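Heads up, the thing below is written out as structure tokens.
In this chain, residues are counted from 1 in sequence order. Counting convention: from 1, in listed order, for ligands and their atoms alike. This structure is a prediction, so every number in the text was calculated from the model and none was measured.
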Amino acid sequence: MRIGFGSDHAAVDMKAILMEHLAEQGHECVDFGPESAEQRTDYPDKALEVAEAVKTGEIDKGVLCCGTGIGMALAANKVPGIRASVCGDPFSAEMTVRHNNANIITIGARVVGSELAKMIVDSFFNAEFEGGRHARRVDKITAIEEKYSKG
Ligand code: RB5
């Protein structure tokens, strides 16, 4: 899978750890930056870059890291077609793919340790959307987006 990674200054190290971890499993990892914690980075800027790359198909899925993971999820979810979930445990990470067809996972570098974060992304990327009744519900999320994108 081609996975895009972005962070703010608070989560550069977590981004690097997860990129290396997923690259070891054969995933193609694309770094949207920043390169170092010295580069002050507002999380909505990286969330937008990675979310747009998912939307255009440049990448299949995204991993966004900030202090809590929350700001990244809030921002990424403003892009139509993006379903970004902040996950602090492997069960949620698995279920948000199986039931919500999430295409971005966000992680709080100040919330979870690196070993737990690796387990979380493993659960996310090993899961598959179940479709069926869950597709109907995800379609309803899309319908909300469409309702409010008509101006
Ligand atoms: C940066 O200090 C912090 O606000 C950010 O990393 C994130 O936690 C926002 O949701």
message = Can you confirm whether M1 is buried at CE, in the sense that more than 12 heavy atoms of other residues, nucleotides or ligands lie under 6.0 Å from that atom?
response = yes
ask   = How about E35: does its CD atom have over 12 heavy atoms from other parts shown lying under 6.0 Å from it?
value = no
request  = Test ring pair (Phe, Tyr, Trp, His ring centres under 6.0 Å) on H134 and F129 and set out the steps.
outcome  = CA-CA 8 Å; H134 302 296; F129 182 49; 7.0 Å; no
query = Considering only heavy atoms, which protein residues lie less than 4.0 Å from any atom of ligand 1?
reply = D8, A10, Y43, C66, G67, T68, G71, R110
ask   = Would you find a donor on one side and an acceptor on the other, under 3.5 Å apart, between the side chain of K61 and the backbone of R2?
value = no
key: Verdict with supporting geometry, E115 and K118, salt bridge (charged side-chain N to carboxylate O under 4.0 Å, His left out)   = CA-CA 5 Å; E115 292 309 309; K118 289 177 192 174; 3.0 Å; yes
message = Regarding T142 and D139, do their side chains bring together a donor and an acceptor under 3.5 Å, going by distance alone?
response = no
